[in-house]
Amino acid sequence: MKLNELTIKEAVEGLKGKKFSSVEITQACLDQIEKHNSEINAFIAVNEHALDEARRADEIRESDSNSPLLGVPIALKDIYMTKGLRTTAASKVLENYIPQYDATVVRKLKDAGAVILGKLNHDAWAHGASGENSDFGPTKNPWNTDYVPGGSSSGSAAAVALNMTIAASGTDTGGSIRQPASFTNTVGLKPTYGLVSRYGIIAMASSLDSIGHLTKTVEDCAIYLNVTAGNDPMDATITKNRIPNYLEDLNKGVGGIKIGMPKEYLGSGLDPRIKENIEKVIKKFGELGAEMVEISLPHTEYGLACYYIIQPAEVSSNLARYDGIRYGYDRSYFGDEAVRRIILGTFTLSSGYYEAYYKKAMQVRTLIRQDFEKAFEKVDAIISPVSPTPPWKLGEKVDDPLKMYLSDAYTVIANLAGIPGLAVPSGFIQHQTFGAGFIGDLPRSDRGLPTGFQILGPQFSEKLLFRIGHAFEQTQERRICEI
Amino acid sequence: MIGLETHIELKTKSKMFCACSADYSGREPNTHVCPVCLGLPGTLPIPNKTAIEWCIKIALSLNCNVSNISKFDRKNYFYPDLPKGYQISQYDEPFGLAGWIQLKDKRIRIRRVHMEEDTAKLTHQFGTQNSKLKTQNFSLIDFNRSGVPLVEIVTEPDFENAGEVTEYLQKLQQIVRYLDVSNADMEKGDMRLEPNISLAVSEQGLAVGNKSQQPKAKSQLPPYKVEVKNINSFRFVAKAIEEEIVRQSEILDKGETPLQETRGWDENKNTTVSQRTKEEAHDYRYFPEPDIPPIRFADSQISNIKSQIPELPDSKRERFVREYAIPVYDAEILVRERSDADYFEQTVKDGKKHNLTPKQVANYIINKKPNIEKTVPAELVELILVTQETKELDKEELEHAIELVLEENPKAVEDYKKGKTQVLGFLIGKVRTLLPPNSSSEGIRELIEQSLK
């Protein structure tokens, strides 16, 4: 196995056992980036000090055996503030912006010894579900470069899938980690709102933004959360709860665990191939000893409408500071999607409309939260599809924002309720254009396109989600993406 | 009808939402700044607990209701002194609601007391020579003030004239100084005033003029409102109000309605100048600040804050009158500053052993204005005692002196009896020349008058 293909766990073990050095892993990742980034466009910028950082990690290994990510190369979505390292939000507005400080999570990752490979592409300002809204060009799905990798954390997903990095950070405001994870055969976590600090990460919609990550395995996802979770005096919305060890229950299996399947989620609008896939997942959990229970989340159908009121309202306020007076370029540099959301949000917050839109949406949000509270009285966790469709082709939806918004239908609910969601790969499905006769003709067609499902749990139940996700993952074969 | 919005800058150690020092007065520009108060990308606010407690203290001192739950909101507007593009303020759930301040003859209702953050400070340079040999106008921004805690106090439109406004402001200033939460210095900008002035004319006149619908207004409220900004002294607020009353009266007398607008006080021209009319009014698009969870207070927390409120000027004044038997006038002067009042009480206490009466102490403090920072109360007692000694005139000696003066000045006595009472001063002067220096003139006038009857 090539060093860039390692998981966090394998990398940490190998580094500790001196099977290889951080410089070697970092170089392997940099080589992979060098080889494929021009086509995939996952990275906006590579950190030119990455090898220096790796060298330093190797040097201090003798004296430091506690740092959990010492020498492990990772990459950051380019809306994480990195001191002295350009941070663009994938927008021309901040094309040359050099932050004065590190985001709390970046500091925690550095303190844990991680090596920063670079900054990852995404939909500008995290607005999008395909990666195509980036002002630095779209990212392509490494499993089939005609297809989108999902978004907004498009570069994060593509980079992890193609082993350009060992793991990557992302943000999830309405599905921006889970959906690209499911499009690229990677694991993605949207943590509970208030579990991971938002300080130093460019805000999209402050009451929905969750700071998570994408990894190659569920176990890696838990290792990473062990580093990023917990109290931060710079974020007033962070929990003061004690943070558990997320690896604790990983191998306990799902025997006796009650898993809910919301009946509303298998309704119209769900692609039959996705439906078939999720049914296989349900069956598998049954075999593993979980108790599968049908539940109801009656307000699901209002989730998307509610989300597309609250989110643009907060966006319109959060983007107000980018006026070009103190830093960056002026407002004429905003792309269409940002402008669309600023206008939508400004409208719904205007006097006379606030009550009808924003206030009402907040009331619906409470109902959605209550749906989950009731559901979690009956079940320990819930599983559902991540995206109603498999990945689509680049350009397919760019002119139809509404269609693009609809792909968030299953994911926004967790953000509105503030609960955690873990996207886990559940195999590959054939896409429409390949009829039976074509499969052998195209070089990548036999792989199909990845899909995944999500596990939702009560607030701060990440440990349980990892346990359930890990149990399922053990039944699947890990596939290495090759171009 | 006049309503008043007053901003009071708190003197907390740190700013409202970050750890920067809030003491920016006289500091080099942009030295008290951090990513948070500069509004840099990714930053988040952490509310200052002391500032919130002080705001509640002010609200309670102004007899407001303080509820158990409150929150911050975003007030969205664009201005270069506002780096986030919104100000964190409070909209529909302020810390204090429905209070009042008692003036001599009436009660001014307080609508709300809320907490917000100050903006940066803009300095506009006109026609300054630029290094590139061009004369340009430009503006400088100092972010030292950005994020300093501000409390806004809004009254109902209960004032009828400038005098009431001045009285209210003096009281408010006294209260916040008593609470020791702000220097409330107008010139330094610790206290900023924005009066809203509109005139209600006769019933008939109003019926004609009342075109616009004001949802919450009483039927008597005029259909427009003029807000005046840029006022930096109590004197100017009185002048601005008087000017506005004249200006608006003239417009109304012509049968027209004054424009709804914001005007600025022009110190040089001694008048108000239009700044912004209703058409340009802001829609602030308020919504709950998602970065700060709602703030909950237990009853015990509120009562704990209440218990920290010192005795305020009004009750202190009443107590002084009651406890020390001094005139209301004296008490009022003594309670203006908390330090003076405390000094008075300590001196009374120390003087008791020497049989000094509170009135004697009050007289001395009010008339002689001793430097209370340099003279400790015990020393002051000594000083008063020395004066008292010289004052205690032998009554017989005084009567003798008067007798002598009256005998020596028969013409003056005759004039006085004819009704020329002003000669009394002449006679008092003569008497005083016969008395030891330093003696008080107290009682001389009365004794002469008695003798002349």
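A note on names: the letters A, B, ... follow the listed sequences, proteins ahead of strands, and every chain is numbered from 1.
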Would you mind checking which part of B:P35 comes under 4.5 Å of any heavy atom in chain A, side chain (CB onward), backbone (N, CA, C, O), both or neither? side chain

Under 4.5 Å from any heavy atom of chain A - which part of B:Y77: neither

If you count heavy-atom pairs under 4.5 Å with chain A, which of B:N76, B:D291, B:I292 comes out on top? B:D291

Rounded to the nearest 0.5 Å, how far does OG of A:S317 lie from NZ of B:K84? 9.5 Å

How long is the gap from CD1 on B:I46 to CG on A:D232, to the nearest 0.5 Å? 7.0 Å

What part of B:F78 lies closer than 4.5 angstrom to a heavy atom of chain A: side chain, backbone, both or neither? side chain

Donor-acceptor pair, B:D283 side chain versus A:S351 backbone, under 3.5 Å? yes

Partner chain B: residue of A:R326, A:Q100, A:M81 with the largest heavy-atom pair count (under 4.5 Å): A:R326

Top contributor to chain A interface from B:P80, B:P47, B:G85, B:P290 [non-hydrogen pairs under 4.5 Å]: B:P290

Okay, A:Y322 and chain B: the region with an atom under 4.5 Å from a heavy atom over there is side chain

What part of B:Y284 is in contact with chain A, defined as an atom under 4.5 angstrom from a non-hydrogen atom: side chain, backbone, both or neither? neither

Please determine if B:R74 forms a cation-pi arrangement with A:Y358, meaning its NZ or CZ atom is less than 6.0 Å from the six-membered ring centre and no more than 45° off the ring axis. no

A:D209 versus chain B, heavy atoms under 4.5 Å apart: side chain, backbone, both or neither? neither

Given B:P288, B:P83, B:P45, the one with more heavy-atom pairs under 4.5 angstrom with chain A than any other is B:P83

Walk me through it: do B:Y86 and A:R321 pass the test side-chain hydrogen bond (donor to acceptor under 3.5 Å, both in side chains)? CA-CA 8 Å; B:Y86 56 85; A:R321 70 186 64 188; 3.2 Å; yes

